[in-house]
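Each remark here refers to the structure printed beneath this line.
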Amino acid sequence: MEAGVVVKVSGPLVVARDLPDPKMYDLVKVGKDRLMGEIIELRGNRASIQVYEETAGLGPGDEVISTGEPLSVELGPGLLTSIYDGVQRPLDVIRARYGNYVTRGVEEPGLSRERKWPFQPAVKVGDEVVAGDVLGTVQETTVILHKVMLPAGVEGKVSHIGEGDFNVEDTVAVVETSGGEVPVTMMQRWPVRRPRLYREKMAPSEPLVTGQRIVDTLFPISMGGTACVPGPFGSGKTVLQHAIAKWANAQIVVFVGCGERGNEMTDVLLEFPELTDPYSGEPLMLRTVLIANTSNMPVAAREASVYTGITIAEYYRDMGYHVALQADSTSRWAEALREISGRLEEMPGEEGYPAYLGTRLAAFYERAGRVICLGREGRVGSVSAIGSVSPPGGDLSEPVTQATLRVVKVFWGLEDRLAFARHFPAINWLNSYSLYQEKVEEYWNQEVDEAYAELRAEAMGILQREAELQEVVRLIGIEALSDQERLVMETAKSLREDFLQQNAFDDADAFTSLMKQYRLLRLIVTYHRLANRELEKGRPIEELIDLPVQEEIARAKFIPEEEMERFDRLEEKVAEQLAGEASQVNA
Amino acid sequence: MLKEYLTVREIVGPLILLEGVEGAKYNELVEVEFPDGSVGLGNVLEVEEDLVLLQSFEATSGLNIARTKVRFTGRGLELPVSRDILGRVFDGLGRPIDNGPRIIPDERLDINGNPINPFARDFPTDFIQTGISAIDGLNPLVRGQKLPIFSGAGLPHSRLAAQIARQAGVLGMEEEFAVVFAAMGITFEEAEFFVQEFRSTAALERAVLFINLADDPAIERIATPRMALTAAEYLAFELDMHVLVILIDMTYYCEALREISAARKEVPGRRGYPGYLYTDLATIYERAGRIKDAKGSITQIPVLSMPDDDKTHPIPDLTGYITEGQIILSRDLHRRGIYPPIDVLPSLSRLKEKGIGVGKTREDHSPLSNQLFSAYARGKEAKELAVILGEAALSDEDKLFVQFSDTFEDRFIRQGEYEDRSIDETLAIGWELLRILPRAELKRVKEEHIRKYMEGADQA
Ligand SMILES: Nc1ncnc2c1ncn2[C@@H]1O[C@H](COP(=O)(O)OP(=O)(O)OP(=O)(O)O)[C@@H](O)[C@H]1O
Ligand SMILES: [Mg+2]
């Protein structure tokens with residue numbers, strides 16, 4: 001093949017001239033180490049290339065070869081439990097072969113060519129099939145049945161179907177189409193920057209239950225929804241993302257560590273195989289795909305990593321699974337975009353970010369959603385996308401946060417003030433929001449309890465009232481408050497400490513089912529309602545606080561899921577103690 | 001034969017533009033020969049056709065266009081290493097400055113290193129006892145962690161860093177350790193303090209020092225932390241040592257980076273720092289950690305001074321986004337004569353959960369620290385209220401919290417520069433302080449722990 005020639009090297013940006021037939025976003029190999037890169041600009045006979053690997057040692061005159069194909073991922077059995085870099089190179093294989101450091105010019109396919117998978121046919125010879133139809137299945141892990149689908153653009157009659165053990169390159173079926181016979185393997189390739197196809201998009205309805213109380217009850221996200229988690233450093237973005245990856249009722253989790261710490265990926269790698277999915281009872285790792293392009297790894301591959309991640313997520317969605325795609329942190333992705341843009345000497349927008357930052361972010365989040373998949377079966381799958389945002393100095397007015405807020409529907413705003421007081425998750429309950437609230441309430445009413453939505457509204461009201469009252473206290477002092485108002489302060493404190501606070505590192509507290517969330521909230525609000533009634537009867541606030549049962553309320557979050565009836569007894573106790581004191585007084 | 005060029009076209013600040021060059025490589029090391037015959041080092045920042053943009057590590061004063069010679073070495077900047085680097089003092093570019101013998105290298109290592117494969121990492125879990133309560137009790141350091149000290153002009157960060165280096169040890173382990181110390185842009189006196197410190201504790205023979213002082217070339221600083229970390233990686237992963245790396249002061253490092261960026265007329269990010277500052281810092285800080293099957297480890301304590309004590313300044317901000325927590329020093333505590341003036345609330349150790357508890361420190365460590373944090377936070381909040389409304393406006397409970405936070409600062413945070421508290425002593429002080437508070441307020445600690453550690457202590 002004819003080759004182009006490097007004329008310029010500036011960090012991750014390489015300019016080559018005379019590449020034969022270059023196309024935008026084609027994948028190229030640069031230099032004698034064959035470093036991977038992608039064409040991102042064409043001017044005359046010059047092509048600008050972002051290189052996914054360290055470019056030290058490259059110089060003018062080095063050879064550039066174009067593969068003629070866009071950057072793609074390999075999709076098929078073997079994705080689950082894998083850990084990839086930003087361009088889908090398997091990091092475990094790379095370590096086994098090249099040692100502890102990621103060196104340059106490593107070429108390893110995303111899916112193992114050796115491994116054989118037991119293929120179970122789902123169609124027979126003579127069946128008519130269209131794109132998206134399931135030709136057969138592979139038990140990829142004990143929890144996930146991998147569906148081998150007819151790739152987009154193919155339609156016809158099955159003329160051969162295999163059964164038994166195959167590797168991902170073996171032909172498992174042949175489809176006779178109008179254009180001739182098409183062999184089908186268990187592996188597809190898909191260009192990462194192109195959304196995968198589906199039949200129809202639908203509005204989200206069910207919640208993605210994360211087991212995190214403040215998220216599920218106050219600011220829920222839907223399956224197929226989008227959410228962002230902005231917050232200054234150390235405010236708990238990663239811990240929240242990890243908690244969601246662990247406990248959400250998604251069937252598949254794709255976690256993209258985008259420009260963050262190496263140890264955080266190690267943490268997931270060591271922990272997930274040990275943890276049990278509360279829904280399937282199997283190790284969490286069996287439903288997880290990790291993409292790790294840490295902060296010290298090449299910046300262009302970081303830019304690609306979120307696309308690699310979401311393409312894999314869409315692939316499992318196409319099988320009819322509910323997938324959670326998490327990116328920690330999208331700010332690092334945006335910074336990668338900015339760095340490349342700067343090297344291209346593009347006209348900068350705000351804070352040096354390229355003017356197309358907003359469009360790129362929107363296009364990324366648009367790939368989330370609940371869809372009817374291709375294929376005649378009419379499977380329904382979803383991708384929920386949750387991105388961390390790391391605003392410089394915690395200042396939410398910066399471009400990445402602002403561009404993100406324009407597209408996502410849920411905002412979990414983390415605050416350092418709360419984190420300093422070790423109130424975790426440090427989500428500000430006053431300014432966070434979810435636009436899925438109403439939809440989710442319908443679901444609660446059917447699946448949990450009809451009173452859920454009302455309880456939530458009452459709790460939110462109490463928390464908002466507390467904020468107003470705190471102002472008064474700050475200016476005039478606590479004596480300025482009426483007894484009713486002091487009760488609000490008391491209940492709000494209990495809501496904050498006994499409901500909202502959730503320790504991600506405590507085994508009993510890390511996950512709470514919707515039913516338990518509801519019972520816990522009801523317990524606190526019951527106390528509030530009953531105490532209020534007593535106040536109306538004229539009893540002083542002092543008699544209604546510091547009750548022994550309040551210590552039990554404080555520990556109620558540790559009540560095991562199997563012992564839900566203990567909440568009944570606690571509610572009775574609340575009633576007794578509030579009334580009991582009254583009878584003493586009356587006596 | 002090295003290729004030599006006399007074709008300088010421009011000199012702008014630390015940058016040199018050269019034309020008519022053939023075969024230059026990105027990031028290649030060059031030698032720059034000054035008209036007076038002295039030789040400095042530089043490296044390639046950008047090549048385009050026959051044009052090469054260099055950064056000179058040496059100050060460019062004295063260079064001229066006509067008589068400056070540039071030689072291309074065909075390799076990157078390297079550090080020659082062998083076991084003999086221990087006990088030695090180098091300049092910011094790794095050249096010995098202690099009048100000792102030349103290092104006869106076993107290897108020459110590229111100072112940029114390669115990223116550790118995340119799959120090769122092992123999670124840091126070994127608690128390092130520093131003997132400092134504010135760290136051990138509340139923001140514990142773990143072997144393989146990167147935990148910076150955020151300080152300000154005039155605060156005792158050097159004394160604190162030296163105390164950590166002096167006292168740090170893993171409970172129940174006697175293993176080979178080393179200290180790698182990199183000074184960037186600090187004063188002679190500050191650097192000398194560390195050298196004396198290492199000398200007096202006989203730690204010098206276990207230390208490797210890289211010194212770039214305030215009056216040394218600023219651009220050289222860009223290489224200094226990478227020199228230090230290359231030495232650290234060699235000691236940790238080839239010689240199986242546990243290495244503590246102290247990098248001081250990262251602020252001057254960042255300023256050198258800004259100088260280059262400004263000279264290149266790059267679009268500046270916040271406060272003139274380049275947009276890639278995060279990534280650049282990450283290539284330094286991420287060179288800490290543990291590797292599976294490797295005996296050694298690298299623990300990093302970068303020190304930086306926050307301009308105007310501002311935590312949101314890009315240098316501390318981006319550092320905090322990369323490191324695994326931070327120890328923040330407080331001018332207020334310092335003014336009140338409290339050493340170490342560690343502001344524990346905004347300080348954080350992200351690895352603490354995995355580094356403490358049963359089998360590491362003690363079962364009550366984590367809940368106790370949570371309780372101390374929240375009680376101290378509440379006490380400080382109440383104190384602020386008292387400033388506005390007067391002491392009388394506080395509830396009786398709040399008054400107790402105020403008393404708690406004062407005592408906490410005085411007994412728990414404050415300690416001597418040579419006082420080495422065991423973790424048991426630290427925790428015992430914590431429990432004792434909690435007795436100031438009403439029992440019902442101790443929501444974060446377990447009943448059984450209260451009985452065992454707080455009330456059990458009553459009878460003793
Ligand atoms: N739910 C939680 N329960 C207990 N501790 C928590 C929780 N959330 C956060 N923390 C504490 O806060 C620390 C910082 O959290 P985390 O690493 O998630 O911050 P971050 O926002 O991702 O920061 P960065 O932007 O620097 O990555 C954790 O190490 C942990 O100690
Ligand atoms: Mg994080």
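In what follows, chains carry the letters A, B, and so on, assigned in the order in which the sequence lines appear, proteins first and then strands, with residues in each chain numbered from 1. Just so you know, these numbers come straight off a predicted model, no measurement behind them.
- Closest non-hydrogen pair, B:Pro118 versus A:Met265, comes out as CB-CB, 4.3 Å.
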TODO: Walk me through it: do A:Lys8 and B:Glu46 pass the test salt bridge (charged side-chain N to carboxylate O under 4.0 Å, His left out)?
DONE: CA-CA 7 Å; A:Lys8 174 177 174 178; B:Glu46 192 173 308; 3.6 Å; yes
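- Pairing each heavy atom of A:Gly57 with each of B:Lys25, the nearest pair is O-CD, 2.9 Å.
- Proximity of A:Asp416 to B:Pro346: side-chain heavy atoms (C-beta onward) are nowhere separated by under 4.5 Å.
- Neither the backbone nor the side chain of A:Leu13 comes within less than 4.5 Å of any heavy atom in chain B.
- Most heavy-atom pairs under 4.5 Å with chain B, from the set A:Arg302, A:Glu345, A:Arg17: that is A:Arg302.
- For B:Pro316, the part lying near chain A is the backbone, with the side chain staying farther off; criterion is any non-hydrogen pair under 4.5 Å.
- Minimum interatomic distance between A:Gly262 and B:Glu286 (heavy atoms only, all atoms of both residues): N-OE1, 3.1 Å.
- Considering only heavy-atom pairs separated by less than 4.5 Å from chain B, the leading option among A:Leu269, A:Asp92, A:Leu290 is A:Asp92.
- In this structure, A:Ser390 OG and B:Ile322 CD1 are separated by 10.5 Å, a value rounded to the nearest 0.5 Å.
- Summarising the geometry of B:Ile291 relative to A:Tyr101, their closest heavy-atom pair is CD1-OH, 4.2 Å, with the distance given to 0.1 Å.
- For chain A, the nearby parts of B:Ser374 are the backbone and the side chain; heavy atoms of each come within less than 4.5 Å.
- Within the 4.5 angstrom heavy-atom criterion, only side-chain atoms of A:Thr294, from C-beta onward, approach chain B.
- With a 4.5 Å cut-off on non-hydrogen atoms, B:Val47 touches chain A through its backbone and its side chain both.
- Using a 4.5 Å cut-off between heavy atoms, B:Ser366 does not touch chain A at all.
- Between chain A and the options B:Ile116, B:Val21, B:Asn43, B:Leu351, the largest number of non-hydrogen pairs under 4.5 Å is found for B:Ile116.
- Contact annotation for B:Gln371: neither backbone nor side-chain heavy atoms come within less than 4.5 Å of a heavy atom of chain A.
- The candidate with the highest count of non-hydrogen atom pairs below 4.5 Å against chain B, out of A:Glu264, A:Arg474, A:Glu497, is A:Arg474.
- A distance-only check finds no donor-acceptor pair linking the side chain of B:Tyr26 to the backbone of A:Val14 [under 3.5 Å].
- In terms of heavy-atom proximity, A:Gly393 sits nearest to B:Asp317 at N-OD2, 2.7 Å.
- When heavy atoms are compared at a cutoff of 4.5 Å, B:Leu385 approaches chain A solely by way of its side chain, counted from C-beta outward.
- For the residue pair A:Thr266 / B:Arg290, no side-chain donor-acceptor distance below 3.5 Å is found, with atom types taken as modelled.
- B:Arg75 does not touch chain A: none of its heavy atoms, backbone or side chain, sits under 4.5 Å away.
- B:Tyr321 places a side-chain N or O within donor-acceptor distance of the main-chain N or O of A:Pro391, the cut-off being under 3.5 Å.
- In this structure, B:Lys311 satisfies the cation-pi test against A:Phe233, with its NZ or CZ atom closer than 6.0 Å to the six-membered ring centre and inside 45 degrees of the ring normal.
- The only member of A:Asp85, A:Val102, A:Leu91, A:Ile94 that meets side chain to side chain contact (heavy atoms under 4.5 Å, CB included) when paired with B:Phe119 is A:Leu91.
- Looking at B:Leu389, the atoms closer than 4.5 Å to chain A (heavy atoms on both sides) all sit in the side chain, from C-beta outward.
- Remark: side-chain polar atoms of A:Asn296 are not paired, donor with acceptor, to backbone N or O of B:Pro115 under 3.5 angstrom.
- The contact between B:Glu353 and chain A is made entirely by side chain atoms (from C-beta outward), counting heavy-atom distances below 4.5 Å.
- Taking A:Gly99, A:Ala421, A:Ser10, A:Gly61 one by one and counting their heavy-atom pairs under 4.5 Å with chain B, the maximum is reached by A:Ser10.
- Neither the backbone nor the side chain of A:Glu346 comes within less than 4.5 Å of any heavy atom in chain B.
- The shortest heavy-atom contact between A:Arg338 and B:Gly275 is NH2-O, 3.3 Å.
- Only the side chain of B:Phe237 has a heavy atom closer than 4.5 Å to any heavy atom of chain A.
- Taken from CZ in A:Arg104 to CG in B:Asn114, the straight-line distance is 8.0 Å, to the nearest 0.5 Å.
- For chain B, the option among A:Pro232, A:Ser329, A:Pro298 with the highest count of heavy-atom pairs below 4.5 Å is A:Pro232.
- Across B:Val344, B:Leu345, B:Asp343, a single residue satisfies side chain to side chain contact (heavy atoms under 4.5 Å, CB included) together with A:Phe420, and that is B:Leu345.
- Both the backbone and the side chain of A:Pro392 come within contact range of chain B, with heavy atoms under 4.5 Å apart.
- Contact of A:Asp498 with chain B is made through the side chain alone, with heavy-atom distances under 4.5 Å.
- The part of B:Arg264 that comes within reach of chain A is its side chain, from C-beta onward, which places non-hydrogen atoms under 4.5 angstrom from that chain.
- Side chain of A:Arg95 to backbone of B:Asn117: no donor-acceptor contact under 3.5 angstrom is found.
- Annotation: cation-pi geometry satisfied between A:Arg343 and B:Tyr276 (NZ/CZ under 6.0 angstrom from ring centroid, within 45° of ring axis).
- Contacts between A:Glu479 and chain B at a heavy-atom distance below 4.5 Å involve the side chain alone, from C-beta outward.
- Residue A:Asp395: no heavy atom, backbone or side chain, is found under 4.5 Å from chain B.
- Only the side chain of B:Ala377 comes within less than 4.5 Å of a heavy atom in chain A; its backbone stays farther off.
- In this structure, A:Arg422 forms a cation-pi arrangement with B:Phe373, its terminal cationic atom sitting closer than 6.0 Å to the ring centre and no more than 45° off the ring axis.
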Open item on the list: Using side chain to side chain contact (heavy atoms under 4.5 Å, CB included), reason through B:Asn27 and A:Thr55 one step at a time and then give a plain yes or no.
Closed with: CA-CA 8 Å; B:Asn27 221 355; A:Thr55 53; over 6 Å; no
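- Inter-residue side-chain proximity for B:Gln145 and A:Asn263 is flagged as unmet; no heavy-atom pair is nearer than 4.5 Å.
- The CZ atom of A:Arg261 sits 11.5 Å away from atom CZ of B:Arg121, with the distance rounded to the nearest 0.5 Å.
- For B:Leu442, the part sitting under 4.5 Å from any heavy atom of chain A is the backbone (N, CA, C, O) and nothing else.
- Only the side chain of B:Lys354 has a heavy atom closer than 4.5 Å to any heavy atom of chain A.
- Note: A:Gln501 leads A:Arg417, A:Gln501, A:Glu398 in heavy-atom pairs under 4.5 Å with chain B.
- The pair A:Arg46-B:Glu48 meets the salt-bridge criterion, since a charged nitrogen lies less than 4.0 angstrom from a carboxylate oxygen.
- Here B:Thr323 is the residue among B:Leu45, B:Leu51, B:Thr323 with the most heavy-atom pairs under 4.5 Å with chain A.
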